[in-house]
Each structure stands twice: as structure tokens, then as C-alpha cells.
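Working notes, structure below.
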Protein chains: 2
Amino acid sequence: MEARRDVFQAIADPTRRAIIGMIAQQPVNVNTIAEKFDVSRQAISLHLKILAECGLLNIQQQGRERYCEARLDKLNEVHEWVAQYHKLWTGRLAALKQFVEQVELQPTSKKKNKPNHKSKK
Amino acid sequence: MEARRDVFQAIADPTRRAIIGMIAQQPVNVNTIAEKFDVSRQAISLHLKILAECGLLNIQQQGRERYCEARLDKLNEVHEWVAQYHKLWTGRLAALKQFVEQVELQPTSKKKNKPNHKSKK
DNA sequence: TATATACGCAAGTATTTGCTTGCGCAAATT
DNA sequence: AATTTGCGCAAGCAAATACTTGCGTATATA
């Protein structure tokens with residue numbers, strides 16, 4: 001146990017993503033977070049621990065309460081990983097669009113019957 | 001088994017991320033992929049199955065070979081999820097930077113020496 | 001046609017999750 | 001001082017992972 005613990009792994013769980021969303025704007029204490037879910041406080045506590053272990057979360061003790069603060073910048077690893085592919089696939093879409101437009105403009109096209117020609121808006 | 005199967009879950013595994021990287025540019029067949037890793041072909045096959053199940057992968061049979069083609073646009077869900085927080089945290093950084101600069105420009109400031117002021121290009 | 005190749009389909013196992021319940025302790029509240 | 005509240009620690013458990021090995025089956029190739 002306690003094996004791999006990286007950001008990708010951390011955000012794989014929907015509950016943990018929800019937690020991040022909940023504390024993205026301002027720190028929230030453990031019990032307040034736990035109340036929003038229908039699992040036990042311990043379960044949430046464990047999720048928080050996992051998030052904290054990979055740096056996505058800071059915990060500040062305040063009296064008997066513990067406030068969880070999101071460290072969104074730690075999502076950068078994910079952002080960069082996805083962004084490279086995002087560029088790739090949007091680039092392809094752009095190229096495809098351009099290609100289609102170019103073909104449509106060809107005056108040499110044989111196809112004269114195009115009953116339902118989908119026009120671009 | 002066969003429970004949750006979403007994109008976040010799929011990319012949580014480093015092997016699967018590596019597979020995506022391997023086929024992002026052009027389709028590759030199963031055995032070629034498997035050879036790059038030091039786990040069994042079956043293990044890779046299962047990873048491919050998982051990727052295919054959540055749409056990140058298309059498989060085209062060609063003779064006895066199966067070519068795996070990446071569907072990068074299916075990463076959009078992840079991209080959007082991260083992007084919202086990316087905006088948040090970069091926005092905060094920008095605000096912080098602006099704040100610091102503003103403070104530095106205060107005429108009441110005692111600090112007159114700013115040798116390496118980083119100018120924006 | 002015999003054989004090698006490119007897979008898929010289990011079955012079996014060790015580890016890792018995700019969750020629960022019970023206990024304990026320190027900081028607020030009464 | 002007694003009680004409530006906030007939360008960690010730990011044991012226990014079902015389910016999911018990530019692999020492996022063995023077997024079966026098309027499709028190429030010799």
C-alpha cells in the first residue's frame with residue numbers, strides 16, 4: 001500500500017475532483033467538506049490525505065479545525081500533458097477544415113448533384 | 001471488475017499515458033506497442049482495451065494485425081477540467097505579480113534600487 | 001500444406017482501492 | 001469540570017487493478 005501517488009492518480013477519482021472543486025476558491029475545513037458527500041468522514045479524510053500527499057492540497061490547522069487549501073498550480077503537470085495533445089488534435093481539425101473548404105471551392109469538381117449540400121454558416 | 005471507466009481513470013496509469021504518446025502521431029499495431037514495454041503482451045492488450053473502452057483509442061483490423069489509433073479529442077474532458085483551474089491559478093499569479101509591481105512603484109517606497117527589473121516583451 | 005505470427009480469451013494471484021466502524025485525543029463550549 | 005465537536009489512527013473487508021501463464025484461432029509465409 002501507499003505506492004504510486006502522483007497527480008494523475010489523484011484526480012482519477014471523481015470524489016477527489018469534487019473536493020478540489022469545492023476548495024478551489026477558498027479553504028474549507030475537513031468536516032464541512034465531508035458533509036457534502038454521502039460517504040463517511042473517514043473516507044473523505046483519506047481522500048484529503050491522498051490529495052495532500054501529491055501536493056494538491058495544503059492543510060492549515062486552526063484550533064481544532066483543519067482548513068484545506070487547494071494548490072491548483074500542482075495541476076500544471078496534467079495541464080501540460082494534455083495541452084500537447086490538445087494542440088495536436090485542434091491542429092488537425094483546423095487542417096481538415098481548411099482542406100474541406102479548399103475542396104469545396106474547386107471549380108473542377110464533377111459532382112453537380114448535391115441535393116443536401118450543407119452550407120456553412 | 002469492469003467498473004468505472006472514464007478518461008481520467010484511463011490516463012491515471014503511466015503505461016497508458018505512454019501508449020497514448022506512442023500512437024499520437026500515427027496508428028501502431030498491438031505487438032509493436034507491446035515490444036516497447038517490459039510487461040507481457042497481454043498486459044498491454046488489457047491497457048489497450050481500457051483505452052478503447054473510454055474512446056481514447058480506435059482499433060482497425062488489417063489482416064491479422066490491429067492498428068491502434070489515438071482519438072486525442074477524447075482528452076477534451078480532461079483539458080476542460082484542468083483549464084478552468086489553470087485560468088484560476090494563473091489569474092492569481094498575474095494578480096500577485098501586478099500587486100508586487102504596484103508596490104514597487106509606490107513613490108513612498110524606500111526601495112530605490114531595482115537593478116534587474118524584468119520588462120515585459 | 002505445415003508453420004510462424006498476431007492477436008484474443010480466460011483463469012489465477014498479489015496489490016491497491018475505497019469505504020466502514022470503533023477508539024482516542026485535544027480544542028471549544030456549557 | 002463535564003461535554004461536545006473536529007479529526008486522526010487503525011483494523012477489517014469487498015472490489016478493482018495490474019500482471020502472468022496457458023490455450024485457441026485466424027492470417028500470413030515458407
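We name chains A, B, ... by the order of the sequence lines, and we start the count at 1 in each one.
Judged as a ring pair (Phe, Tyr, Trp, His ring centres under 6.0 Å), not a single pair has a partner in residues 38-71 of chain A (not counting sequence neighbours). Applying the ring pair (Phe, Tyr, Trp, His ring centres under 6.0 Å) test to every pair with at least one member in residues 6-30 of chain B, sequence neighbours left out, gives these pairs: B:F8-B:W81.
Rounding to whole angstrom units, CD1 of residue A:I19 and C1' of C:dC19 are separated by 13 Å. One atom, CD of B:Q61, and another, C1' of D:dA26, lie 9 Å apart when rounded to the nearest Å.
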Could you tabulate the donor-acceptor pairs under 3.5 Å formed by side-chain atoms of residues 56-66 of chain A, not counting sequence neighbours?
from, atom 1, to, atom 2, distance (Å)
A:Q61, OE1, A:R66, NE, 2.9
A:Q61, OE1, A:R66, NH2, 3.3
A:Q61, NE2, A:G63, O, 3.2
A:E65, OE2, A:N29, ND2, 3.2

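In this model, the phosphate group of C:dT17 is not approached by any side-chain N or O of A:H47 to a distance below 4.0 Å at OP1 or OP2. Distances shorter than 4.0 Å separate none of the side-chain N or O atoms of B:Q9 from OP1 or OP2 on D:dA16. Contact annotation: B:R66 does not reach the phosphate of C:dA6 (side-chain N/O to OP1 or OP2, under 4.0 Å).
For the contact set between residues 22-33 of chain A and DNA chain D, defined by any heavy atom under 4.0 Å, the members are A:N29, A:V30, A:N31. Across residues 35-46 of chain B, B:V39, B:S40, B:Q42, B:A43 each have a non-hydrogen atom less than 4.0 Å from an atom of DNA chain D (numbered order).
The shortest side-chain heavy-atom distance between A:L75 and A:I11 falls under the 4.5 Å cut-off.
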Practice task
Assign a letter to each nucleotide of nucleotides 25-30 of chain C from its 5' end: B, base within under 4.0 Å of a protein heavy atom; S, sugar-phosphate only; -, no contact.
Solution key: --BS--

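Between B:W89 and A:H79, the angle of the ring planes goes over 60°, which puts this pair in the perpendicular group of the 30/60° scheme.
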